[in-house]
Each structure stands twice: as structure tokens, then as C-alpha cells.
K.L.:
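Please find one structure pasted underneath; my questions will follow.
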Amino acid sequence: MRIDLISLFPEFVTQLAAHGVVGRAGERGLIDIHGWNPRDHAEGNYRRVDDRPFGGGPGMVMLIEPLQATIAAARADDPRPAQVLYLSPQGRRLDQARVRALAAESRLILLCGRYEGVDERLLRAEVDEELSIGDYVLSGGEPAALVLIDAMARLQEGALNDAQSAEQDSFGEDGLLDCPHYTRPVEHPLGSVPEVLLSGNHAQIARWRRMQALGRTWQRRPDLLDMAALSKRDKALLAEFQALQAGPAPGGGGEA
Ligand code: 9D3
């Protein structure tokens, strides 16, 4: 998939996207990020990209013309049609379902705002969708674009190594939080590793992990738990977790 990133600081995103899973997806030709700076499409000696807001008030607003020229240049660089997504606090909140849909596109143009934002007329004319990554204040759209790119890159076929793909199959797509993880040493002043993980009994281990994933999701993110959609087995595992929380039977199985 091709991503055209429009930003006053395109390197902010392209540099970070050169590392890790996203970087490898780039090396493998699975994603191809092109950075565009509206400053390069601004007119005059000062190459202005922003101006003061009509009606007064603090901050600056990004000008129509440089952004329109930049979007046109990005479009013209590849024959495939592209949706324009604007990363903005006013956007719909990004979630994994939206990431999955966007990751299936062959081309996207991501527009990052700085300052107070972008002239509303440019948005109305050029933007297909506004996306926010959550209810907190960033300094610009770049970190949000990086978040979206990272989430889409790891969904490209072949982006993950075998271990990562296996983990995604077992945990990534079921909407539950992860189970706890432990490594050496077995005994440590901070505590010991739950016995079941040392048992070699793979069915019991899988069962314990599933129960932990269900239990932790119930404790920390009940909004993610669609009780109705849980299988009978999952409901029983969650009930078992809840019973253990309420107070394990004396002599029985408490791990902490
Ligand atoms: C202090 C400025 N705010 C006045 C009420 C408005 C404002 C303008 C521009 C707040 C943030 C920003 C920059 N943010 C983004 O461009 C952004 C963003 C975000 O701040 N939070 C979550 N998702 C996103 S996507 C783009």
C-alpha cells in the first residue's frame, strides 16, 4: 500500500516509520511512504503556509493554497485514486475495525495539521474522512499519522514474523487484553512464576492464559467485554477467574 503523508514535518513520521515492524514492511515493499511538505508548494519569498484566523483569537490557520497544491502533487504522483484522511481532534475515534478497513486500501493520503488547524474550506473540498486517535491534546497530526501507519503496516500480509503472526492469531483479533507474561528466573524477590506455566501441560497453559485474558479484560476494560458474544467455555472461565478474585479457597491455587 502507498501512503502519501502531507505535513510541515514529514520527517517526523518517515524517520520513525523507518524502524521496527513498519520499517521492515517498508523494506519488503508492503508499504511505501512518501512525505510531502506544503512549504515546498507555498508561494513567495516567505513561503507562507499559515495566516491569522478571521474573527481573531490565538494561533494560526493553515492556508488553502499550499495544501491544495500539495494534495494535487501527491495525487499526480500515482495513477491510483486515493482517499484523503485528515488527522484531527474533531475526527471519529480510530479503532481496530477502521484500521483493518483502511489497511486494505491500495493508497491513502494522510493530511496532518499544525497550529489551530486547517481552513475549513480546504477540508470540505478535499477531505474524505477525519480521524482522531483519542481524547487528549497533541501538538499536531504527525504522531496520530504514525499511529495509523504503524497499525496498518502490521496488518499487511508478510509484515510480521512467524512468532508475531501466531500471537496475532491467538490474541490480536479477539478483542481481549493480553494475558500476563513471565520469563526467567522462576523464583525472584518480586515473586514466583505461576506454577501452571512450568507444568508443560499445554492445554492447561492455554486454558489459564484464556482465563487471565478474560479476567483482565473484565477488570480493566469492561467496555471491551461483550458478555453476550462470549462462548459458554469463556463465560465459565471468566466466572472461575471472578471466584478466585473474590477469595481463593484456603490452600487452593492463589498465585500471588
Ligand atoms: C490548544 C489547541 N486547541 C484549542 C482548543 C485545539 C487543537 C488544535 C490542534 C488541539 C489539538 C491540535 C492538534 N492535534 C491534532 O492535530 C490531532 C489529534 C489530537 O490532538 N488528539 C487526538 N487525535 C488527534 S489527530 C490530530
Side-chain angles (χ1 to χ4, degrees), residues 1-18 22 26 31-95 98-99 101-153:
M1 100 179 275
R2 170 173 170 144
I3 297 164
D4 293 274
L5 180 99
I6 300 178
S7 161
L8 292 174
F9 309 103
E11 300 80 16
F12 183 113
V13 180
T14 54
Q15 292 293 330
L16 287 167
V22 186
I31 60 165
D32 183 18
I33 306 175
H34 296 252
W36 301 85
N37 192 333
R39 186 95 46 199
D40 298 332
H41 298 266
E43 301 282 340
N45 281 342
Y46 297 98
R47 302 202 159 266
R48 291 194 72 119
V49 293
D50 62 345
D51 209 335
R52 289 151 57 200
F54 281 121
M60 303 291 270
V61 175
M62 292 180 77
L63 290 162
I64 295 175
E65 296 291 348
L67 288 178
Q68 205 165 32
T70 310
I71 292 169
R75 282 196 198 284
D77 204 44
D78 187 294
R80 290 171 287 180
Q83 290 188 62
V84 177
L85 309 185
Y86 175 45
L87 286 311
S88 136
Q90 281 74 47
R92 186 169 108 187
R93 177 104 58 93
L94 186 66
D95 60 19
R98 197 71 203 113
V99 169
L102 292 171
E105 296 283 326
S106 82
R107 218 198 141 181
L108 291 174
I109 296 176
L110 305 186
L111 175 60
C112 299
R114 279 271 154 178
Y115 318 116
E116 287 313 294
V118 173
D119 190 300
E120 189 68 20
R121 294 166 292 181
L122 181 283
L123 300 180
R124 223 181 28 207
E126 299 278 7
V127 169
D128 296 291
E129 184 173 353
E130 285 190 43
L131 289 172
S132 161
I133 60 164
D135 297 336
Y136 35 80
V137 181
L138 303 174
S139 307
E142 288 80 6
L146 186 67
V147 164
L148 174 58
I149 291 169
D150 184 292
M152 292 192 299

K.L.:
Is it true that a side-chain atom of R80 and a backbone atom of S106 form a donor plus acceptor pair closer than 3.5 Å?
P.N.:
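Looks like yes, one N/O pair under 3.5 Å.
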K.L.:
Side chains of Q83 and I109: does their closest heavy-atom pair fall under 4.5 Å?
P.N.:
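No, too far: nothing below the 4.5 Å cut-off.
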K.L.:
Please tabulate, for the side chains in residues 138-150, all donor-acceptor contacts under 3.5 angstrom to protein atoms that are two or more places apart in sequence or on a different chain.
P.N.:
| residue | atom | partner | partner atom | Å |
| --- | --- | --- | --- | --- |
| E142 | OE1 | R114 | NE | 2.9 |
| E142 | OE1 | R114 | NH2 | 2.9 |
| E142 | OE2 | S7 | OG | 2.6 |

K.L.:
Using a 4.5 Å cut-off on heavy atoms from C-beta on, say whether the side chain of L131 contacts that of E129.
P.N.:
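Touching, per the 4.5 Å side-chain cut-off.
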K.L.:
How far apart are the C-alpha atoms of V127 and L85, what are their side-chain angles, what is the distance that settles it, and do they pass the side-chain contact (heavy atoms from CB on, under 4.5 Å) test?
P.N.:
CA-CA 6 Å; V127 169; L85 309 185; over 6 Å; no
K.L.:
Please round to the nearest 0.5 Å and tell me the distance separating atom CG of L5 and atom SG of C112.
P.N.:
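Answer for the CG-SG pair, L5 versus C112, is 4.5 Å.
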K.L.:
Does Y46 use its side chain to pair, donor to acceptor, with the backbone of E43 at less than 3.5 Å?
P.N.:
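No; judged by distance alone, with no hydrogens or angles, the pair does not exist.
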K.L.:
Taking the side chain as C-beta and beyond, is there a heavy-atom pair between V137 and P89 under 4.5 Å?
P.N.:
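SC-SC contact between V137 and P89 ruled out.
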K.L.:
Using side-chain contact (heavy atoms from CB on, under 4.5 Å), reason through R107 and D78 one step at a time and then give a plain yes or no.
P.N.:
CA-CA 9 Å; R107 218 198 141 181; D78 187 294; 3.6 Å; yes
K.L.:
Is there a side-chain contact (heavy atoms from CB on, under 4.5 Å) between D4 and L110? Walk through the geometry before answering.
P.N.:
CA-CA 6 Å; D4 293 274; L110 305 186; over 6 Å; no
K.L.:
How far does CE of M1 sit from CD of E105, to the nearest 0.5 angstrom?
P.N.:
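Reported to 0.5 Å precision, the distance equals 7.0 Å.
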K.L.:
Using 4.0 Å as the upper bound for N to carboxylate O, is an ion pair formed by D95 and R93?
P.N.:
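The answer is no: the pair does not qualify as a salt bridge.
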K.L.:
How many angstroms lie between OG in S132 and CZ in R92, if you round to the nearest 0.5 Å?
P.N.:
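S132 OG to R92 CZ: 11.5 Å, rounded to 0.5 Å.
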K.L.:
Output a table of donor-acceptor pairs, distance under 3.5 Å, between side-chain atoms of residues 51-75 and any protein atom two or more places apart or on a different chain; print 'none' if there are none.
P.N.:
| residue | atom | partner | partner atom | Å |
| --- | --- | --- | --- | --- |
| T70 | OG1 | P66 | O | 2.5 |
| R75 | NH1 | A82 | O | 2.9 |

K.L.:
Would you sort out whether H41 and W36 count as a side-chain contact (heavy atoms from CB on, under 4.5 Å), showing the intermediate values?
P.N.:
CA-CA 9 Å; H41 298 266; W36 301 85; 4.1 Å; yes
K.L.:
Does CZ belonging to R121 count more than 12 external heavy atoms closer than 6.0 Å?
P.N.:
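For R121, atom CZ is not crowded (no more than 12 foreign heavy atoms under 6.0 Å).
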K.L.:
Looking at R2 and D77, is any side-chain nitrogen of the basic one under 4.0 Å from a carboxylate oxygen of the acidic one?
P.N.:
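Result for this pair is yes, salt bridge flagged.
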